[in-house]
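Positions are given from 1 along the sequence. Heavy-atom basis, side chains included; hydrogens, waters and symmetry copies ignored.
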Amino acid sequence: MMLDGGRRMLEAETSKPKNLLSTLGRFGVYFRRYWLHLLFVVIVSVVNVWTQITIPKVTEQAVNCYLFVRNPADCTFDTVTFELAYEQRAAGLGTLALIMLALIVVGSVTTGLAFYTMRDAGNKVLLHMREDLFNKIHRLTLSYYSRSEAGDIMSRVTNDIDAIQIAFSFALINLFLGVLSIAWVALTMLQSNVPYTLLSLAIVPVMVVVTAYFSTMARRAFRKTRREMGSVNADLQESISGAREVQAFNREEESIEQFRRVNAANRAANVRAAAFTSVLTPALEALGYVSLGIVVVVGGLSVLRNEPLLAGTGVISLGLVLAFIQYVQRFNQPIQQIALLWTNVQSAIAGGERIFALLDEPVEIEDKPDARAIPAIDGHVVFKDVTAEYVKGEPVLRGVSFEAHPGQTIAVVGPTGAGKTTIINLLPRFYDVTGGQVLIDGVDVRDVTQASLRQQIGLVLQDSFLFSDTVMENIRYGRPDATDEEVLAAARMVQADSFIERLPNGYQTILGERGSGLSQGQRQLLSIARAALKNPRIMILDEATSSVDTRTERLIQRALDTLLSGRTSFVIAHRLSTIRNADVVLMIADGQIIERGTHNELLEQKGRYYELYMSQFRTEEEVV
């Protein structure tokens, strides 16, 4: 159920001008380390094409030297005269048959070696491309994911890579063999008889025009199929992730209809791409038969008349006609293959453009060249006149300044969209400030490495993400070197051990996607246990108890009281229980701190916090 804005975003990306040579150059960079593989492929390919060129020559020799002797001086495999006996002719034909058989065997072996070597190099290149993509995905900032569809990213890593794999596996080597064969055949034919060659290949310009037109149209069509496939994947991923909301609001029919439209657009794009390839094949085959007809008619008339095509040129022999038939077939067949395989290559290039666009996506937050690892911190946090914006010219925070001493708990409250989440996103540098400074122990967070900074910050979100792994490994995620005993201790600290031990396999129970099968409160307890095991100096709680019942909240609150003790903590919540004991409460509105103080101090001021308390928190307190 992807929104139209997401579709427009995908279309805008693929509407940029494409640079074919640049994309091919990027592929060349990946193949550079496997140049020995490519050199071997070139060598065996040359041998392979040589065998294909030599076979027609052997056929010509068989006809002109042993069946219908024309000019003994042209026979290169044996000494031939007009008076050869039957046994000599038979022996000569047998020798040529063995030579032809050897050429066929050598051609088959070299073909296999070329394809195997190219596929091996291609798979190794794809290995590095996938690794680069995965590394890039982890380096991209949250701002990129906020404006990108997860399904489209998945499409690049899967469908576009698959298209490239097809090209690397057989399309590229076939293209190289085809181009080499065309050039070699043309040269050989010209050396044999120039007028006959020109007449035999007279139809080639038409084939080139047809191939160029349909290849261009196919490339555009395949680029559109890549885009539409990304739309299908994005829509499908969103529908699966939002299945509960779809059913809760009875939007199944609308979701199905939306997917039907996206799927129909994908089908239309694929049908259009298939149409070009379907028309191209029979068109080239028909033109190929015309070429053969020219060879037979022109050559046959010359043989019957025993006259050269042009004065000063040699008389065409029957053997040369048969050889030219094979030459033209070897010339036309690669053109047809190139036309067909070029569509695969075009699809791969279109996929490569999308992949390289992702790899070239600027990483907005990177470590400075001289960034250093921040030492163990005390947790003294200072915001100095901080300004932040997600869209240039639209500030989300304006001149925010406050100080959090080590061990203090800072509660950040305010209406939706006020900038609360932005404040906590600036601490671990998920986003960077556009003005001012964020200091930890007097050090600007932009001057230290992100890894060392985030290692000392714990994060517990309202929508806790759990991996499809065991409970033990999910808790251990933030600290992979932790022992099993330390994991168990962290779970006991947050009182998660009681429900974990009731699971089918206890701590070794494998969770479903995003922790399916667990309640929201259980998922949050595991997330808090993960943070507790990490033992950070700064804790961030982003509405960590807003989606659980009161009993579960009390369990979590007791765990948090233990967890936050002695740590600098930032709490964003809509429940009074999580902020009433905070050392400082920051009231945020329109990206600015409009009030600050303790819970009781702000109530006494009877300002915006007091209004928030009276409208929301007081009712909660009375219920409690």
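Side-chain atoms of Lys384 never come within 3.5 Å of backbone atoms of Leu439 as a donor-acceptor pair (strictly under, hydrogens ignored). Judged purely by atom type and a 3.5 angstrom limit, Thr568 uses its side chain to pair as donor or acceptor with the backbone of Gly407. With Asn474 contributing its side chain and Phe467 its backbone, the two residues share a donor-acceptor pair below 3.5 Å. For Arg454 (side chain) and Pro428 (main-chain N/O), a donor-acceptor pair under 3.5 Å exists by modelled atom type. Here the side chain of Arg398 pairs a donor or acceptor atom with the backbone of Asp590 at under 3.5 angstrom. At distances below 3.5 Å, not a single donor-acceptor pair connects side-chain atoms of Gln522 with backbone N or O atoms of Phe499. Within the 3.5 Å criterion, the main-chain N or O of Asp378 finds a donor-acceptor partner in the side chain of Asp441. Within the 3.5 Å criterion, the main-chain N or O of Pro375 finds a donor-acceptor partner in the side chain of Gln456. Listed for the Asn505 side chain is no donor-acceptor partner under 3.5 Å among the backbone atoms of Ile510. When atom types are taken as modelled, the side chain of Ser452 and the backbone of Ile374 share a donor-acceptor pair closer than 3.5 angstrom.
Taken to the nearest 0.5 Å, the OG1 atom of Thr387 stands 9.5 Å off from the CD atom of Gln592. Note: Met539 CE to Ile410 CD1 = 14.5 Å, rounded to the nearest 0.5 Å. Taken from OG1 in Thr509 to OH in Tyr507, the straight-line distance is 10.5 Å, to the nearest 0.5 Å.
Around the CZ atom of Phe31, the shell of radius 6.0 Å holds more than 12 heavy atoms that belong to other residues, nucleotides or ligands. The number of heavy-atom neighbours closer than 6.0 Å to NZ of Lys136, taken from other residues, nucleotides and ligands shown, is above 12.
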With side-chain contact (heavy atoms from CB on, under 4.5 Å) as the criterion, how do Gln408 and Val381 come out once you've worked through the C-alpha distance, each side chain's angles and the decisive distance to 0.1 Å? CA-CA 10 Å; Gln408 280 191 330; Val381 177; over 6 Å; no

Before giving the answer on side-chain contact (heavy atoms from CB on, under 4.5 Å), spell out for Val448 and Ile440 the whole-Å C-alpha distance, their side-chain angles and the decisive distance to 0.1 Å. CA-CA 10 Å; Val448 299; Ile440 296 181; over 6 Å; no

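Only one option out of Leu459, Val571, Thr409 pairs with Leu541 in a side chain to side chain contact (heavy atoms under 4.5 Å, CB included); it is Val571. Between Tyr609 and the choices His599, Glu601, Glu595, the side-chain hydrogen bond (donor to acceptor under 3.5 Å, both in side chains) rule is met once, by His599.
Annotation for Asp360 and Arg26: closest pair OD2-NH1, 2.9 Å, computed over non-hydrogen atoms. The shortest non-hydrogen separation linking Ile457 to Leu427 is CD1-O, 3.9 Å. In this structure, Ala373 and Thr449 approach most closely via the heavy-atom pair CA-OG1, 3.8 Å. Taking each heavy atom of Arg429 and Glu366 in turn, the nearest pair found is NH2-O, 3.7 Å. Across every non-hydrogen atom of Met587 and Pro415, the tightest pair is CE-CD, 4.2 Å. Residues Val386 and Gln437 come closest through the heavy atom pair CG2-O, 3.1 Å.
Look at Asp481 and Arg479 and you find a salt bridge, because one of the NZ, NE, NH1 or NH2 atoms lies within 4.0 Å of a carboxylate O, short of that distance. At a threshold of 4.0 Å, the pair Glu486-Arg476 does not count as salt-bridged, since none of the basic side-chain nitrogens sits closer than that to a carboxylate oxygen.
Taking the salt bridge (Lys or Arg N to Asp or Glu O under 4.0 Å) definition, one finds that Glu403 meets it with nothing, sequence neighbours left out.
Phe27 and Phe168 have perpendicular rings, their planes meeting at more than 60° on a 0 to 90° scale where under 30° would count as parallel. Ring geometry for His405 versus His380: interplanar angle under 30°, hence parallel rather than tilted (30 to 60°).
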